[in-house]
Amino acid sequence: MQSKETSTPQIKRSKLPKQIRQGFGIIVLLLILWRLYLVFGVEQEYTVDIWARLLISGLVIGGVYSLIAIGYTLVYGILRMINFAHGEVMMVGTFAGYLVLEATKSITVPTPDNSLLSFSNAYPIISVILAFAIGMLIAATTGYFLEKIAYRPLRKAPRLIPLISAIGASIFLQNFAQLLFSPQTRDYVNPDIISRGAGWTMMINDSKVILPYTGVLTFVLSILLMIGLYTMIKKTKLGKAMRSVAMDKQTAALMGIDVNVIISRTFIISGALAGAAGVMWGLHNGLVYYFVGFLPGIKAFTAAVMGGIGNIPGAMLGGMLLGLMESLGPTALGISYQLKDVISFVILIVILIFRPNGILGEALSEEKV
Amino acid sequence: MNEIAIKVDQVSKIFGGLTAVNQVNLEIPQKTIYSIIGPNGAGKTTLFNCISGFYVPEKGKILYFGQEIQGLSTDLIASVGISRTYQNIRLFSNLTALENIMIGLHPKFRSNWVDAIVHSPRYLREDKETKQEAIRLLNFVGLAGYGDYLAFNLPYGVQRRLEIGRALANQPRILLLDEPTAGMNMQETQSTTEFIKKLRDDLGITIILIEHDMQVVMGISDRISVLDYGTKIAEGNAAEVQSNPKVIEAYLGPGGAALAEKFQKQRRSNVKSH
Amino acid sequence: MNRQEFQKFSQHGLVFAIIMIFLVLVDFQTMFATVISKILGTNVLRGGLPEVQYMVIFLVLYSLWMGWFISRKEENKSRRIIMTLVASLTAGVVVGLFGLILNSLIQSGTDVRRYLAALSPESMKLFLLNLDGLGPLALLGVFTVSGLLGGVLSIILQSPSVGKWPKTIKTGISSTWQKFTGSLPPFIRKNAKYLAYLVLGIVIIVLPTRWGSYNNFVTGLVGLYIILGIGLNIIVGLSGQLVLGFAAFFAMGAYSMALLNAPLPHGLMWGFWPALLVGVLMAVVAAILLGLPMMRLRGDYLAIVTLGFGEIIRILLKSDLLSDFSGGPRGIQDIKGPTIFGLPFNNDVQFTYLIIAGVILAIFVYNRLENSRTGRAWLAIKEDAIAARATGINVQRNKLLALCIGAAFAGLAGAFFAARNQFTGPNDHTLMVSINILSIVIVGGMNSIPGIILGAFTLKGLPEILREMENYRLLVFGGLLVFMMIARPEGLWPAKRPQLEKKIKPDTRDGDTPGKGDKNE
Amino acid sequence: MKAMKFLAVFIVLAMLLAACGQAVATEAPAAATEAPAAATEAPVASGAPEDVCAADEWGCAKIEPGQTIKIGMGSPMTGGDASFGIDAEQSGKLAVADAEDFNGFQFELLAEDDMGGAEGGAAVANKFVADPTLVGVAGHLFSGASFAAAPIYEAVGIPMLSPSATNPGLTQQGFKVFNRVPFTDAAQGSAAAEFIYNELGIRKIAVLHDGEDYGKGLAEIVKSSFEGLGGEVVEFMGITSKEADYTPVLTTIAAKQPELLYFGGYTQDGAVLANQMKTTGLENTIFFGCDGTFGTDFLNRAGDNAEGSYHATPRTPPATPEKDKFDADYNTAYGVGPGELSPFSWNSYDCVTVLITKVREVGFVGSDGALYIPRSALVAAVRGLTDYVGISGTYTCDATGECNIQGPQFHKVENGEFVAVN
């Protein structure tokens with residue numbers, strides 16, 4: 001083993017991959033700018049009222065995505081695993097809310113004016129609160145048992161194992177719901193005052209733009225829940241414990257934190273958020289069936305990654321961004337709505353090219369030594 | 001004096017607001033053992049990371065036999081002859097000791113995946129050489145018989161040795177050793193020190209050493225630099241550095257020369273009783 | 001037994017009762033009784049109900065299992081009896097109460113199927129053992145008695161005299177086996193390996209002609225998924241990149257075959273073999289396109305990006321934008337099969353051979369790569385990308401190479417797939433396909449060829465075997481997936497490197513090896 | 001080496017297991033209970049079965065006494081489209097229940113899950129052809145599965161009658177066995193375009209489709225026919241099916257101010273669109289659906305928003321006593337109405353019934369008491385279906401296997417009910 005005694009070694013420099021990578025991102029960005037220019041600068045087909053409507057719908061759907069994405073991010077932060085069954089937890093919440101609203105609808109509270117007045121119309125606020133409470137409760141319970149049965153035994157296993165277990169749980173829950181409730185698509189029965197389509201009407205450009213009550217409810221509630229969660233994580237003892245478990249489970253355990261309890265509670269919290277998102281979904285969109293959680297689940301996972309997985313404000317931002325992109329993107333780029341997911345994913349890729357850890361992801365470089 | 005193997009020229013590395021390495025100059029002659037010491041957080045490992053290409057310094061140049069290497073990719077730097085070990089051992093822990101060394105031999109050979117599938121003459125030749133060379137290296141670092149053990153099952157000292165063996169596999173001209181004796185007992189430290197000397201003397205490898213054990217440092221270093229808060233505060237041979245008041249201050253705070261002497265004694269006796 | 005324990009065991013009973021109630025809510029018990037009935041030889045027509053005795057058998061089996069499960073861990077016999085009794089009684093009471101509810105539903109003629117679709121009056125009656133009002137009482141009886149019996153059974157089975165049986169049998173078998181192998185002529189003993197290959201080869205050649213098109217179909221399907229699994233294993237298992245959009249490469253192969261070897265939409269009848277080649281190349285091109293910008297991403301980021309890539313490919317193939325080119329949602333039909341020397345080679349038996357040849361090729365390539373310089377570089381990257389880089393391995397190039405070779409396998413499988421079905425469409429390349437392939441690799445055991453084969457048999461064969469369970473098959477499948485992961489997290493047939501598994505006794509020094517704590521997890 | 005041995009053993013075992021499973025599956029029915037009743041109603045017992053079967057291109061299906069005559073059905077019963085499959089199975093079961101025994105032989109419906117795709121379709125088809133007592137297949141429901149399955153049935157002579165696979169290619173490939181009862185896209189699409197242009201006098205429409213096989217085919221025909229008539233299609237767009245929020249798409253369309261929105265797809269999405277049109281600036285635009293959106297389910301889900309919308313059905317008025325009976329039976333048996341899970345409840349019933357009827361026509365009892373069904377005769381009989389009045393329409397198959405060649409009937413929703421308008 002002789003050291004090379006020859007003259008100084010020659011170094012060939014090549015930095016191609018990085019340029020290709022960024023070049024790809026720049027090409028896509030230029031394409032996007034070109035399309036934007038066409039739509040906004042040249043064609044100018046759409047007026048302000050159209051954009052207002054798209055914005056409203058994007059914010060509402062973004063709120064729902066954010067709530068679900070937070071669930072992914074919380075669990076990821078603590079267990080470093082993708083909870084693939086999270087969308088199904090949301091589906092369970094949607095169903096629970098549906099059943100509550102059906103029940104309140106079927107109970108009549110006769111009044112002098114209306115002998116057939118249903119409970120949900122007589123006390124709409126109580127009904128909706130009940131739907132949210134039970135939806136969150138059932139979804140949280142599902143999340144709790146999901147962790148206990150499908151993930152806890154795998155705490156020490158390599159990272160891909162819980163992922164497969166989660167996929168199994170997802171398939172199981174989906175099919176269970178299908179068998180339990182039949183594959184039929186059902187409609188949420190909203191109390192009349194917040195029926196779908198009702199809302200504040202604004203006139204923009206002589207055109208009626210409706211700000212739906214359910215949409216406002218969804219958006220405001222999701223923002224409130226997020227603020228609540230954020231304060232909880234930052235301020236309360238549980239939040240601190242969660243953060244410390246997320247940083248280092250062993251050390252946290254040494255500090256006297258019961259890691260299992262904290263993980264369980266994380267699943268309860270993320271389940272409750274998903275449940276709330278599910279009920280909102282139902283109230284706003286009206287649909288509930290066994291497959292209802294699948295797409296939002298995937299989308300929210302995308303949102304969580306976009307914002308930087310493990311980062312709560314990132315999940316909120318990612319969710320909102322994704323909602324807006326889905327709603328505004330195709331129109332703004334003049335592309336068919338069939339391709340909206342393509343747009344979302346391409347933008348995700350571009351974001352990750354320039355920020356490999358998501359928008360708000362830890363700024364640590366990959367090569368942390 | 002020998003040719004300069006590594007020249008660190010006004011290198012600075014900044015993390016956010018923190019300047020981890022601040023305008024450091026080093027000239028490391030070939031075939032010497034050059035130690036970098038300093039208190040925890042002084043920027044020693046960061047400097048290593050700059051040299052081995054993990055970090056790109058914000059300012060300054062790093063010259064390897066006169067050629068700039070800052071900003072080059074790590075694998076390129078490694079394959080031209082700068083190997084390293086890590087403060088926290090980074091072996092491929094689910095692979096065997098032999099495989100670890102074989103991976104270290106990677107830059108030395110050229111056969112690609114097509115060769116592997118068709119078992120071309122080149123592949124067969126190189127495969128044979130790889131195995132022979134790996135076994136030879138294993139023997140060289142004193143790990144004969146450990147070849148088939150998974151790396152994470154090996155005792156700590158052996159893991160350190162194995163890591164050096166892996167670093168040696170691509171016939172480096174420069175070897176960066178990050179605390180090679182950390183956590184070792186007296187005998188192990190002793191033999192490692194001897195081994196490092198052997199690398200310099202027999203193989204002519206230039207060794208840059210980060211070490212906290214002053215006995216080791218003072219015993220084998222040809223030259224020593226002291227970093228504190230990212231800045232070089234002293235340079236010289238063992239005696240010069242030991243007597244430098246700035247160094248003592250950096251380690252023990254103001255007026256700590258006397259303390260230092262006392263501490264040193266205490267430490268020695270501690271180690272012995274252990 | 002104190003109150004706390006009493007509570008604990010009644011809780012156990014409650015859990016089993018709740019599981020039972022959930023099963024009833026999806027009408028699982030009827031399906032189970034049907035299966036029991038079929039096993040015992042009484043056929044039940046599709047859509048019909050099994051006879052009541054089979055329901056009794058199911059309930060007895062369930063509560064036997066419950067009793068066994070609850071008492072299995074305790075030492076003291078009398079306590080075991082008491083705790084099983086407590087648990088079974090609780091379960092019986094709860095299930096009985098549930099039966100009362102069901103009975104009242106039947107009596108009042110309430111149709112709950114708007115909300116609970118599976119609760120048809122017939123199956124509820126059957127669950128109540130056709131006894132109407134007495135049904136709940138009967139359920140209570142069945143659960144209590146056979147739960148208790150299960151507890152007793154577990155005591156008997158775990159008693160030392162019986163507990164030895166499995167061991168005795170095992171040693172008996174192994175000694176017989178040794179005697180048997182010892183009695184074989186030395187020629188056979190020496191060449192056992194080659195003989196095993198020979199037998200395997202004969203089986204592979206002979207079986208497809210013998211056992212009918214359905215088994216050929218399932219074998220071919222499993223074979224395709226073995227190829228896919230091996231391809232994905234190169235990416236996930238060897239180079240350690242989590243790819244969730246493997247179906248995209250599969251689609252590339254399938255669509256290349258379809259577009260180049262079908263009368264519509266382009267009418268390019270290039271023939272099977274050129275199309276196969278193009279399919280593999282296109283998959284590699286897709287891998288490069290995906291890999292170049294994305295190789296730098298870490299685990300889960302890469303996962304979602306590849307997932308997105310898979311979806312992008314599928315959506316584009318289905319979209320109006322490319323529908324003239326790719327057939328849109330309709331897909332492409334009438335894809336021609338292969339010919340060899342001008343003779344058609346596309347009946348089910350021949351296709352099975354072709355796929356088996358593909359599998360052998362994949363295994364061959366995989367084995368050669370795994371133990372090569374490239375393979376070691378991949379393993380190093382998977383273990384620790386940073387250290388790998390510092391040993392002079394070009395991480396990104398090697399990752400990309402792994403992605404390309406894996407994708408090439410997927411392209412191959414895709415081309416076979418399209419030609420065999422004579423059709424391919426966007427719905428054959430959904431996210432579920434990617435997930436299935438990943439599950440095969442993980443369930444079988446990463447980096448283990450027998451594991452992947454076993455995984456493909458389990459995951460693609462199992463749903464076919466589970467067809468007897470009709471609508472319940474994916475429910476059972478999902479449950480089994482979770483169960484398998486918990487029972488065997490390292491996979492059904494984990495990669496064995498026996499010569500590498502030597503362990504060393506802990507350090508000769510006293511226990512607290514310094515530095516163990518610093519070691520990165 | 002040990003691993004190899006295990007592997008070999010395992011594979012052999014797996015193969016044997018699979019083979020056994022197969023054998024059990026096919027033999028089990030032999031143990032069924034009833035002996036065949038006296039063959040009083042046997043249509044033809046003359047002629048040795050061997051002669052007839054030898055003359056038949058594909059031979060005969062021989063059903064031993066005690067076995068059932070099996071009708072297969074391939075449909076997605078799990079996954080996102082499960083409602084289609086479950087619905088078809090449920091309707092099919094009723095059809096079998098309504099069928100009287102044929103010379104003492106019972107009919108049985110084997111509904112298998114093909115997940116709608118080619119892989120599942122081929123799996124199910126291979127499973128079916130392995131069963132010698134399976135004589136016909138009502139399906140497959142989805143075109144992808146049908147494409148993969150048809151060549152497999154073609155090889156052994158099992159006739160198919162699909163209730164819903166609309167891909168035009170299926171009848172253009174020259175399959176002898178494939179037939180279907182749904183509309184052709186061409187018939188419905190051009191009629192719809194003419195109706196919109198001539199009867200409604202509308203000149204400016206937007207066309208949406210759900211991005212799936214059926215909806216897209218239809219929408220394309222509507223677009224080209226309408227433009228051929230001189231009308232203007234302001235927007236032609238696909239949506240992603242099964243989503244819950246289409247307001248962005250509708251908003252964008254509203255900007256183009258069409259007078260009518262044509263939608264090719266199913267109720268699941270159609271109802272959502274009809275609802276959301278009211279909040280997105282399309283409240284004065286007419287919703288024009290197709291036969292995929294017809295049904296009470298649409299009325300329930302869209303409620304008041306369904307008023308004034310148009311839908312299509314087959315030409316025959318749908319109210320017949322048989323249909324009423326089916327509707328009632330379906331409701332009693334499954335607790336939901338037909339058409340609520342998918343629009344193909346009635347088609348599925350008809351498909352199974354047609355197959356059963358045709359089996360009765362060609363089957364005969366041999367001297368050994370077994371039932372013989374000559375396969376090619378059955379294939380020809382199904383293809384030769386003429387003026388069959390079912391509960392979903394009147395069917396006559398043409399030479400390519402299109403069995404619904406009549407034009408559609410359009411319905412308008414008025415006061416919560418469908419009213420025929422042409």
For residues 74-87 of chain D, please give each side-chain donor-acceptor pair under 3.5 Å, one per line with the distance, not counting sequence neighbours.
unit_1 : atom_1 : unit_2 : atom_2 : d
D/T78  : OG1    : D/D113 : OD2    : 2.6
D/S83  : OG     : D/L341 : O      : 3.3
D/D87  : OD1    : D/Y330 : OH     : 2.4
D/D87  : OD1    : D/S345 : OG     : 3.0
D/D87  : OD2    : D/S342 : OG     : 2.6
D/D87  : OD2    : D/S345 : N      : 3.2
D/D87  : OD2    : D/S345 : OG     : 2.8

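- Heavy-atom minimum distance, D/A122 versus C/N421: CB-OD1, 3.5 Å.
- In this structure, chain C has a heavy atom under 4.5 Å from the backbone of D/L109, while its side chain stays farther away.
- Looking only at heavy-atom pairs under 4.5 Å with chain D, the residue among C/Q422, C/M432, C/R114, C/Q333 that has the most is C/Q333.
- For a residue to count as touching a neighbouring chain, one of its non-hydrogen atoms must lie under 4.5 Å from one of that chain's; by this rule D/M237 touches chain C with the backbone only.
- For C/N427, the part sitting under 4.5 Å from any heavy atom of chain D is the side chain, from C-beta outward, and nothing else.
- Heavy atoms of D/A333 lying under 4.5 Å from chain C belong exclusively to its backbone.
- Electrostatic pairing of D/E119 and C/R420 does not count as a salt bridge here, judged by no charged N lying under 4.0 Å from a carboxylate O.
- At a 4.5 Å heavy-atom cutoff, D/Q90 makes no contact with chain C through either its backbone or its side chain.
- Proximity to chain C involves both the backbone and the side chain of D/E212, based on heavy atoms less than 4.5 angstrom apart.
- Contacts of D/T332 with chain C are made by backbone atoms alone, with heavy-atom separations under 4.5 Å and no side-chain atom involved.
- Annotation: residues 139-147 of chain D contacts chain C through D/G144, D/F147 [non-hydrogen atoms, separation under 4.5 Å].
- With a 4.5 Å cut-off on side-chain heavy atoms, D/V336 and C/R113 do not count as touching.
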